[in-house]
Amino acid sequence: MIDNVTKNVDMRPDFEKNREIYRKLIRENANKTVIAGRYESDAGKEQFIVEDIIRKLDVKSGLTIFDIGCGAGLVAELLIKNFSGLNAQVSVMDTPELIDVLYSGFIKKDKYLNVETYKGYFPLDFDFNGQKFDRILMYAMLFDIDDPFEMIEAATKLLTPNGKLLLGDLPNISQKGRFLSSVQGRIFDASYKNTIADDLPLYEDHHDFVCKMNEDPGYYSLIDDAFIEKVYRTYTKRGFDVFILPQPGTLPFNKSRHDVLICSYD
Amino acid sequence: MKSNAEKNKDLYISMAAGNANKTVIAGRYAFDEGKEQFIVDDIIAKLDFKQGSSFFDIGCGAGFVAESLIKTLYNLDIAITAMDVAEIIDVLNKGFITKASFPGLKMELLKGYYPGDYTSQEKFDRILLYSVLHSTDNPFEIIEEAVRLLKPYGKILLGDLPNINRKGRFLASGEGRMFEANYRNTTVDKIPFYSDHHDFVQKMKDDQDYYSMIDDEFIDRIHKQYTNSGFDVFILPQPESLPFSKTRHDVLICKYD
């Protein structure tokens, strides 16, 4: 068996460029599905995402919730709406530009004024002074940063006893490779690219896909099976429960993404 | 000296032969009676059954879960194959499954041990090993052989795995100690103290009466082995309505083509 090939860290892209893409989308007033990094054709699926998050995080009345990298799209708005409806105390964090859009376009406008907002980069820009949260969410964001492990580590330190941290919507390159090297995946990809399966690149298996992607300078992914196993081993050893969860078929990227749930004890 | 599998087999056969209650003969406590439907609902959700597909229940047992699962899958027009030792299959066959109750039921009952006594080449869309692997001497061989029986896009659920590390994490926690004291009808200070799950596991390993092959390392090994071989592998919690949700979890292995 071949172990997954991890790309050399020197090949990491400039993540600031990714952030600039999101800023540009905001300046151009792109629609609220697109500014969150999803396709326009996925509009309307945000409610499924939110229902899945609430179920996986087991959100209950009176809990404190911290959404790290909340974005300014519909998922952020629906989460605030649903969490607040469950009488949870919500805190959200993202870069100043995104928080400004979320605040003026939704929080202030729709009067969710008890939502706490943090502007900046997690964890560097913040000192929480011992503040902890019952539920923490990092959704569709760990692949857009330089050091996901540092971020997960910092987030687990903010969990209350019996707290839960959801690392959501992880684009696992190995899972994507398994899907795209399957017949079902090739049919899906051909339909999505509006072509025929014969015109798609052929991958022998997911190892082949990962190797080819790692050779492509335009593609970068830190998240693969080895990453997930490292998270599992690190946190179970330290006394957390760790679960690796599929996404329901209604979610936009369910064939190539999954979630990880980390649960603390007291 | 009897192996783990032999000791467990004797226990389950004697309970089945002695007409123990149908919750107890499946290895659960009498006070868990009524929770079987939650177990079945959870299995159905996790295995995502499709109407008209095929299903193999390895180590099906003869309790309420087996009965309720058959009933539910019958309504979905699933072709069922169920296997367990002869004594258990005889009990299952004795009263519950009648042609009058289930007209047109597509079901084959197999007697014996898996994989040794399984001779068919038939493949299945869904396979279940529920509350079984910890009662065997060779869980990896059983998983390996069961995975071979999956059809393309098939799924196998390794259900109700008593992960000793997870049990340790729970019993070393404040919540776990209170739960345990309540369960044993005593006070928390009378409950053995574990500094963490490593401490629990070590103490359990020192105890000759305790035996568990299933721990975090076992789960990690399954994940690594099957993802490397091209399967998706998920590690799933159990809903709190299930009898052993605090100390057990499930693993779902999904095949591509």
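Residue numbering restarts at 1 for every chain, and letters A, B, ... go by the order of the sequence lines. A quick note: this is a predicted structure, and the numbers were derived from the prediction, not measured. Values below: every heavy atom of this structure, side chains too, minus hydrogens, waters and symmetry copies.
Heavy-atom distances place the side chain of Ile228(A), and not its backbone, under 4.5 Å from chain B. Residue Val260(A): no heavy atom, backbone or side chain, is found under 4.5 Å from chain B. Contacts between Asn172(A) and chain B at a heavy-atom distance below 4.5 Å are absent for every atom of the residue.
With Arg178(A) contributing its side chain and Thr227(B) its backbone, the two residues share a donor-acceptor pair below 3.5 Å. The backbone N or O of Asn228(B) lies less than 3.5 Å from a partner atom in the side chain of His207(A), making a donor-acceptor pair. When atom types are taken as modelled, the side chain of Asp266(A) and the backbone of Gly174(B) share a donor-acceptor pair closer than 3.5 angstrom.
Within 6.0 Å of CD in Gln131(A) there are more than 12 heavy atoms belonging to other residues, nucleotides or ligands. Other residues, nucleotides and ligands place more than 12 heavy atoms under 6.0 Å from the NZ atom of Lys151(B). Surrounding NZ of Lys212(A) are more than 12 heavy atoms belonging to other residues, nucleotides or ligands, all under 6.0 Å away. The environment of Lys230(A) atom NZ is sparse: at most 12 non-hydrogen atoms of other residues, nucleotides or ligands sit within 6.0 angstrom. Around CD of Gln51(B), the count of heavy atoms belonging to other residues, nucleotides or ligands within 6.0 Å exceeds 12. Counting heavy atoms of neighbouring residues, nucleotides and ligands inside a 6.0 Å radius, atom CD of Gln47(A) exceeds 12 of them.
The distance from the CZ atom of Arg169(B) to the CZ atom of Arg238(A) is 13.0 Å, given to the nearest 0.5 Å. In this structure, Arg166(B) CZ and Thr236(A) OG1 are separated by 12.0 Å, a value rounded to the nearest 0.5 Å. In this structure, the separation between OH on Tyr256(B) and OG on Ser181(A) is 8.0 Å, given to the nearest 0.5 Å. The CD1 atom of Ile244(A) lies 10.5 Å from the CG atom of Asp232(B); values are rounded to the nearest 0.5 Å.
When each of Phe231(B), Phe170(B), Phe234(B) is scored by its heavy-atom pairs under 4.5 Å with chain A, the top score falls to Phe234(B). When each of Ser173(B), Ala172(B), Gly176(B) is checked for heavy-atom pairs under 4.5 Å with chain A, Ser173(B) comes out on top.
Electrostatic pairing of Asp216(B) and Lys237(A) does not count as a salt bridge here, judged by no charged N lying under 4.0 Å from a carboxylate O.
Using a 4.5 Å heavy-atom cutoff, the side chains of Leu236(B) and Pro246(A) are in contact.
Heavy atoms only, all atoms of each residue included: Arg233(A) and Asp220(B) are closest at NH1-OD2, 2.7 Å. The shortest heavy-atom contact between Glu229(A) and Lys224(B) is OE2-CA, 3.3 Å.
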- Please lay out, stage by stage, how Tyr265(A) and Leu171(B) fare under the test side chain to side chain contact (heavy atoms under 4.5 Å, CB included). CA-CA 10 Å; Tyr265(A) 285 94; Leu171(B) 290 182; over 6 Å; no
